Every structure is written in C-alpha cells, then in structure tokens.
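This is a predicted model, so every value here is computed, not measured. Numbers restart at 1 for each chain; the letters A, B, ... are given by sequence-line order, proteins then strands.
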Number of protein chains: 2
Amino acid sequence: MNTIDEYYMGEALKEAREAYDNDEIPVGAVIVGNGRIIARGHNSTELLHDVTAHAEMIAITSAAQAIGGKYLTDCILYVTLEPCVMCAGALAWAQIGRIVYGASDPKRGFSSVSEKILHPKTEVVSGVRALEAEALLKQFFEKKRK
Amino acid sequence: MNTIDEYYMGEALKEAREAYDNDEIPVGAVIVGNGRIIARGHNSTELLHDVTAHAEMIAITSAAQAIGGKYLTDCILYVTLEPCVMCAGALAWAQIGRIVYGASDPKRGFSSVSEKILHPKTEVVSGVRALEAEALLKQFFEKKRK
C-alpha cells in the first residue's frame with residue numbers, strides 16, 4: 001500500500017458512491033495507464049438489467065477503447081471490492097499488470113475459488129482503504145433491509 | 001443430447017462461422033427462452049478490441065434485454081465451445097437454467113478450474129456436435145499459422 005494507491009482508490013470509492021446513489025450494490029473501479037485514469041466504472045447491473053455490468057467489466061471495456069487494444073498489461077485496476085470470478089476471468093484475458101482492491105469478498109471473490117484464475121504476471125494488492133469500501137457496502141445492505 | 005439440442009447447436013455453429021469469417025476465434029452462441037432464440041452472439045474480441053466480447057457474454061447481455069430482466073433461470077445457452085471462467089462466472093450471476101456446449105476446452109474451460117463456478121441449479125450438457133465445433137477451431141488455427 002502506498003499514497004498513490006490510496007489516491008486512486010479514492011477515485012474508485014467515488015465511483016462506488018455513484019453506484020450507491022443509483023441504488024446499486026456500491027462497487028467502483030478505475031483503471032490507470034501511464035499515470036492517468038483512462039477508464040472508470042461503477043456497478044450498473046440493475047440499471048442495465050445486465051449481470052455482466054460490474055464496475056470492473058465496464059472499466060475494462062472502456063480502458064481497451066482508450067488504448068485501442070485489448071491488452072492492459074501496463075495498466076492498474078483499482079476496485080473497491082475483490083473481483084468476482086467473472087471479473088477475474090476478464091482481467092486474466094486482459095493480462096492486466098496490477099490489481100489493487102479494497103474490501104475482501106469471502107463469498108463471491110475469485111480468491112475463494114482459485115488464485116490461479118488471474119494471469120500469472122498480474123500483481124495483486126488487497127486491503128487498500130478497505131474500511132471505507134466495507135462501510136459503504138454495509139450502509140447499502142442496511143438500507144435495503146429497511 | 002437430443003434432436004432439439006442438436007438443432008439449436010446448429011444455430012450456435014452458424015454464429016461460430018460468422019466469427020470465423022470475421023477472422024475471430026470461431027465460437028458462437030444462442031440463448032433459447034420459451035422455445036425460441038432470444039439472443040445470438042459470436043466472438044468479437046478482435047473487432048471490438050475487447051476481451052469481454054465473447055460469444056456468451058454478448059448473448060447474455062442481449063437475452064437480458066430481450067427478457068427485460070437480468071436473470072435467465074428459464075433459458076438455455078447453446079455454445080460451441082466450453083465456456084471460460086469469465087463466461088461461466090457471468091452465467092452463474094444470470095442463474096441460467098441449462099448450458100449445452102459442444103467442444104471441451106481443457107486449457108481455458110471453466111471445468112478445469114472448478115465446476116462450482118456455475119450456479120448449483122444450472123444443468124450442463126457437453127459434447128453436442130462437438131466434432132463440428134472442433135473442426136472449425138482447428139481450421140481457424142491452421143489458417144492463422146500459415
């Protein structure tokens with residue numbers, strides 16, 4: 001964890017709050033390439049009626065358009081929650097260079113199935129600003145229960 | 001395997017041939033709901049510069065739009081090649097009722113990682129018209145090597 005990671009995770013948290021405001025499970029992501037944010041995404045599965053519209057998937061597609069190629073080997077994904085199997089599979093195909101995530105997801109996170117889902121060269125950092133991501137998720141599910 | 005499955009797999013094979021004609025790895029899919037095809041897709045990762053543009057992902061998104069909801073519990077996916085981890089993860093989120101695939105994919109197929117990626121209620125049938133799917137893939141990779 002370092003100051004730069006915390007900064008970009010703050011941008012992912014902004015995306016998560018947008019999802020929250022849209023009544024979506026609050027997960028947000030940004031992708032950084034060459035020292036700048038090239039893609040942003042927040043969970044939009046309800047809005048789009050689409051299970052594939054996770055924050056990471058939206059950001060991956062968008063980053064590839066920004067780059068003009070489908071491989072994200074020199075990019076970093078910041079995402080507020082541990083990626084699920086689907087998103088980890090997509091990140092493997094994209095051969096993303098580095099993944100920084102906030103909260104762990106013991107039920108749906110890829111690491112509960114297999115760490116090997118990701119590309120072997122992808123570096124993973126977890127727990128960055130995790131408390132903020134968790135607090136937002138907790139607040140969302142408490143609101144839903146009312 | 002039954003005649004209906006073979007028929008719909010023929011439609012998925014048509015999609016795979018379209019991918020082939022577009023110089024994409026030839027994989028095709030259709031989704032059937034209420035006895036009719038509600039979505040079609042073929043691999044478009046090169047065309048769209050997008051690792052997420054697998055035949056199944058395109059079909060899942062399209063089927064959800066056709067239905068107006070993100071769950072595909074009463075639908076059947078026909079796909080010419082065993083789904084990868086990303087696509088299997090998406091099919092799990094969609095809680096698809098049944099998956100019928102053609103050729104197995106020992107390197108990239110979800111079953112080599114874990115059968116548990118799919119939703120526990122999803123029925124899986126494999127090997128339907130597998131030889132045709134394999135022949136098309138083989139033809140593609142031989143063409144690429146030239």
Student: More than 12 heavy atoms of other residues, nucleotides or ligands under 6.0 Å from CG of B:Asn22: yes or no?
Tutor: yes
Student: What's the separation between atom CG in A:Leu91 and atom CE in B:Met86, rounded to the nearest 0.5 Å?
Tutor: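 Separation between the atoms: 10.0 Å.
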Student: Under 4.5 Å, counting heavy-atom pairs only, tell me which of B:Ala92, B:Cys84, B:Ala63, B:Ser114 racks up the most with chain A.
Tutor: B:Cys84
Student: Counting only heavy atoms not in B:Asp21, do more than 12 sit closer than 6.0 Å to its CG atom?
Tutor: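 It does: B:Asp21 CG has more than 12 such atoms within range.
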Student: B:Leu136, B:Ile25: one ILVMFWY side-chain cluster at the under-4.5 Å cut-off?
Tutor: yes
Student: So, for B:Val51 and A:Ala90, which heavy atoms are closest and what is the spacing to 0.1 Å?
Tutor: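 Of all heavy-atom pairs spanning B:Val51 and A:Ala90, the closest is CG2-O, 3.6 Å.
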Student: Can you confirm whether more than 12 heavy atoms, excluding those of A:Lys143, are under 6.0 Å from its NZ atom?
Tutor: yes
Student: Side chain, backbone, both or neither: which part of B:Leu48 has an atom under 4.5 Å from a heavy atom of chain A?
Tutor: backbone
Student: Would a single hydrophobic cluster contain both A:Val85 and B:Leu118, if residues Ile, Leu, Val, Met, Phe, Trp and Tyr are joined by side-chain heavy-atom contacts under 4.5 Å?
Tutor: yes
Student: Are more than 12 heavy atoms from other residues, nucleotides or ligands located less than 6.0 Å from atom CZ of A:Phe140?
Tutor: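 Count over threshold, so yes.
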Student: Using the side-chain contact (heavy atoms from CB on, under 4.5 Å) rule, pick out the option among B:Lys70, B:Met57, B:Gln65 that qualifies with A:Asp50.
Tutor: B:Gln65
Student: Select one option (side chain, backbone, both, neither) describing which atoms of B:Gln95 are under 4.5 Å from chain A's heavy atoms.
Tutor: neither
Student: Between chain A and each of B:Ile60, B:Thr61, B:Ile117, B:Thr45, count heavy-atom pairs under 4.5 Å; write down the option with the most.
Tutor: B:Thr61
